[in-house]
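Side chains included, hydrogens not; waters and symmetry mates left out as well; all remaining heavy atoms used. In what follows, residues are counted from 1 in the order of the sequence shown. This structure is a prediction, so every number in the text was calculated from the model and none was measured.
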Amino acid sequence: MSDAGTGTGTRAGARPAHAAAPPPLPAPGGGAEGPLSPGTAGGEAPRLGSFLARAAAGTAVLTVLGAVLGLVRDQAIARYFGASDASDAFLIAWTVPEMAATLLIEDGMALLLVPAFSLALTRRAAVGGTPGSDPVRDLVATTLPRLFLLLSGGAALLIAGAPWVVGLLAPGLADPRLAVDCTRLTSVTVLTFGITGYFSAALRAHRSFLPPAGVYAAYNLGIIGMTLALHAAWGVRAAAVGVAVGSVLMILTQLPVFLRLVPLARPRPPRFRRGRRAARTAPLLGFAVLAPVVLFVVSRQSQVLVERFLASTLPAGAISHLNYAQKVAQMPMVLSLMICTVTFPVVAQAMAAGDRERARLRVERDLALAGMVVLLGTAVVLGYAPQIIEVLFQRGAFDPADTASTAQVMRVYALGLLGHCLVGALSRPFFSSGRPTWFPAFAMGTGLLVTTGAGYALTYRFGVDGIATANALGISSTALLLLMGLGTRVVPIRARAVALSLGRLAGASLAAGAAGWACAPLVPEPVLSLAVGCLLVPAVFFLTGLALRSPEVVSLLALTRRRFLDGR
């Protein structure tokens with residue numbers, strides 16, 4: 001998909017690309033489709049639906065590429081450092097970029113800036129070609145320099161305070177010096193991830209999705225390259241250097257398209273007009289809007305902090321087992337959320353236009369599609385966790401005992417994948433209008449309390465399995481609160497219908513996972529066993545979904561059948 005496909009290209013008789021508004025939302029209408037069917041009816045015009053399908057497909061390809069490179073990255077770290085004091089030290093330092101990615105790339109920056117840029121694009125279309133008037137450019141001029149200074153100061157403080165940060169994150173480490181060195185190297189991501197997230201939000205609001213989707217591929221290439229080149233000389237510090245290098249590559253991946261779509265230079269307008277536009281754009285990122293988003297994102301990422309805090313009191317390697325299990329188990333969740341990432345600007349524009357019905361249809365459709373993807377992935381993880389870990393990681397310093405421990409934890413993590421998916425999907429509509437809302441932060445804080453309490457209660461007796469169980473309980477509690485609160489506060493979704501639909505899909509997932517768990521040991525070779533599972537689990541999932549009359553499964557199979565017959 002080229003950038004011209006985003007609706008920002010130049011047409012004869014139209015404004016140039018930098019002055020064009022994104023494609024307008026079509027008027028409601030369409031056929032009578034099932035309540036949660038993933039089709040194109042229910043008010044989605046064919047042109048917009050086709051664009052979203054292409055955008056989702058392109059995003060999916062780059063997301064899968066980034067995920068595959070992430071596995072290669074983890075394989076390299078596991079091969080050279082196994083599950084040891086060195087890998088634990090790196091993973092403690094990696095807490096900084098993980099927190100920064102969630103706050104500055106994935107959730108926080110997107111939840112703040114996609115609505116802000118969407119509104120600025122609407123105002124750009126309204127003012128037309130007025131000389132010196134470009135709300136998008138004014139928004140960038142108002143926010144980007146301040147953001148750069150703020151993030152630079154935050155990175156400097158983290159570098160200086162690295163010993164205190166390590167002591168707070170992992171007080172149980174016998175020798176924190178290696179973790180401190182790695183933390184200082186990774187602290188630069190506070191700046192680089194912030195700029196990356198800013199560019200990503202701006203490009204997505206312009207409906208240019210490929211550069212933002214490619215940033216994690218660039219990031220992982222930087223880590224892999226530095227680890228392979230420098231591990232012999234610098235040990236695990238090489239991976240920390242790779243984090244810094246990869247984060248710079250993330251910026252460079254988006255910079256050319258950002259400069260083309262969001263020109264920075266502009267004629268200096270009269271003082272009174274400049275002040276008026278600044279006053280109109282600044283409140284979009286004011287404290288009242290910023291604080292709820294930051295608190296929500298920090299609370300969500302704090303689940304990882306709680307896990308590593310508790311795991312630091314366990315034997316060496318516990319943090320690594322948790323990390324490898326979580327990274328692999330969450331791949332279905334990452335793939336499912338690409339749907340919501342692509343459609344978030346659509347929901348934001350519908351909310352800005354006051355079209356709550358269109359927003360409701362879009363959100364319900366997204367929940368159905370994302371739930372089906374993540375629950376199918378959950379079934380694969382439940383059935384074939386040992387084979388997945390053995391194929392991906394069991395080599396070098398990562399031995400069979402590490403495989404067994406990681407696979408067990410991964411199966412427990414899988415129980416919370418639907419909760420993680422729903423939290424990511426449901427949080428976006430809450431922030432789509434650009435108005436302050438504290439309910440997501442309340443829901444996430446409640447889930448964090450559940451995670452912390454359950455973690456302290458279960459870790460002593462069950463070790464890393466207890467920590468993973470606490471994670472699943474906490475995130476599922478948050479998802480339930482968000483599902484119950486969305487319909488009454490923001491978008492009038494039918495929460496009971498959504499819950500019933502997801503319940504049917506969850507039943508299909510449990511049946512498919514049980515079938516895989518029973519059949520996986522029958523094939524001794526792990527690669528062949530996993531290949532069989534990739535056929536068996538989806539077959540059982542869709543057959544069970546049909547038996548349970550899941551509308552998503554029925555609609556998907558009907559669509560596939562029609563496409564197959566049309567192709568003939």
Side-chain angles (χ1 to χ4, degrees), residues 63 66 70 93-117 139-140 142-159 161 165 169 183-205 209 211-220 222-223 240 243-255 258 262 284-287 289-305 330 334 337 340-341 344-345 423-424 427-428 431 434 440-441 444:
T63 299
W94 207 357
T95 304
V96 173
E98 281 183 324
M99 177 72 80
T102 302
L103 182 61
L104 301 175
I105 299 178
E106 297 163 6
D107 288 339
M109 195 73 75
L111 294 174
L112 284 168
L113 286 175
V114 169
F117 273 104
L139 176 62
V140 174
T142 302
T143 57
L144 186 56
R146 298 176 184 176
L147 181 69
F148 182 87
L149 292 175
L150 179 64
L151 295 174
S152 298
L157 286 175
L158 272 177
I159 292 172
V165 172
L169 293 176
T183 300
R184 285 183 168 137
L185 290 168
T186 60
S187 293
V188 69
T189 58
V190 172
L191 173 60
T192 51
F193 280 11
I195 303 303
T196 297
Y198 191 96
F199 287 178
S200 295
L203 294 182
R204 286 169 179 158
F209 294 100
V215 295
Y216 283 108
Y219 175 59
N220 288 322
I223 300 175
V243 170
V245 172
S247 67
V248 175
L249 295 178
M250 295 171 88
I251 296 176
L252 298 179
T253 298
Q254 300 182 100
L255 183 60
F258 177 82
V262 190
L284 294 170
L285 300 178
F287 177 79
V289 176
L290 180 66
V293 175
V294 171
L295 186 57
F296 167 77
V297 173
V298 169
S299 297
R300 184 177 182 184
Q301 191 60 26
S302 293
Q303 284 206 318
V304 177
L305 304 183
Q330 287 191 354
V334 173
L337 285 180
C340 305
T341 298
F344 181 39
V423 168
S427 61
R428 286 167 167 79
F431 297 108
M444 195 67 248

Can you tell if the side chain of [X] reaches within under 4.5 Å of the side chain of [Y], non-hydrogen atoms only?
X: V304; Y: W94; result: no
X: T196; Y: L104; result: no
X: T192; Y: L151; result: no
X: M99; Y: L305; result: yes

What are the two closest non-hydrogen atoms of [X] and [Y], and how far apart are they?
X: S247; Y: V188; value: OG-CG1, 4.4 Å
X: P440; Y: F296; value: O-CD1, 3.3 Å
X: R204; Y: I105; value: NH1-O, 4.4 Å
X: L191; Y: S152; value: CD1-OG, 3.7 Å

Y198 and F148: CA distance, side-chain angles, deciding distance, ring pair (Phe, Tyr, Trp, His ring centres under 6.0 Å) verdict: CA-CA 10 Å; Y198 191 96; F148 182 87; over 10 Å; no
Matching residue for S187 among I159, V243, V165 - test: side chain to side chain contact (heavy atoms under 4.5 Å, CB included):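 The single option meeting the side chain to side chain contact (heavy atoms under 4.5 Å, CB included) with S187 is I159.
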Residue that, paired with M444, satisfies side chain to side chain contact (heavy atoms under 4.5 Å, CB included) out of S302, S299, S427: S299
When rounded to the nearest 0.5 angstrom, what distance separates [atom1] in [X] from [atom2] in [Y]?
X: Y219; Y: T189; atom1: OH; atom2: OG1; value: 6.5 Å
X: L203; Y: L113; atom1: CG; atom2: CG; value: 11.5 Å
X: F193; Y: I251; atom1: CZ; atom2: CD1; value: 9.5 Å
X: I195; Y: S200; atom1: CD1; atom2: OG; value: 11.0 Å

Full working for side-chain contact (heavy atoms from CB on, under 4.5 Å) between L158 and T183: CA-CA 8 Å; L158 272 177; T183 300; 5.7 Å; no
Test side-chain hydrogen bond (donor to acceptor under 3.5 Å, both in side chains) applied to E98 - qualifying residues, sequence neighbours left out: R308, K327
Sequence-distant partners of Y216, ring pair (Phe, Tyr, Trp, His ring centres under 6.0 Å), two or more places apart: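 Ring pair (Phe, Tyr, Trp, His ring centres under 6.0 Å) check on Y216 returns nothing, list empty.
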Backbone N/O of A93 and side chain of T186: donor-acceptor pair under 3.5 Å: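 Checking the backbone N and O of A93 against the side chain of T186, a donor-acceptor pair under 3.5 Å is found.
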Plane angle bin for F258 and F199 - parallel if under 30°, tilted between 30 and 60°, otherwise perpendicular: parallel
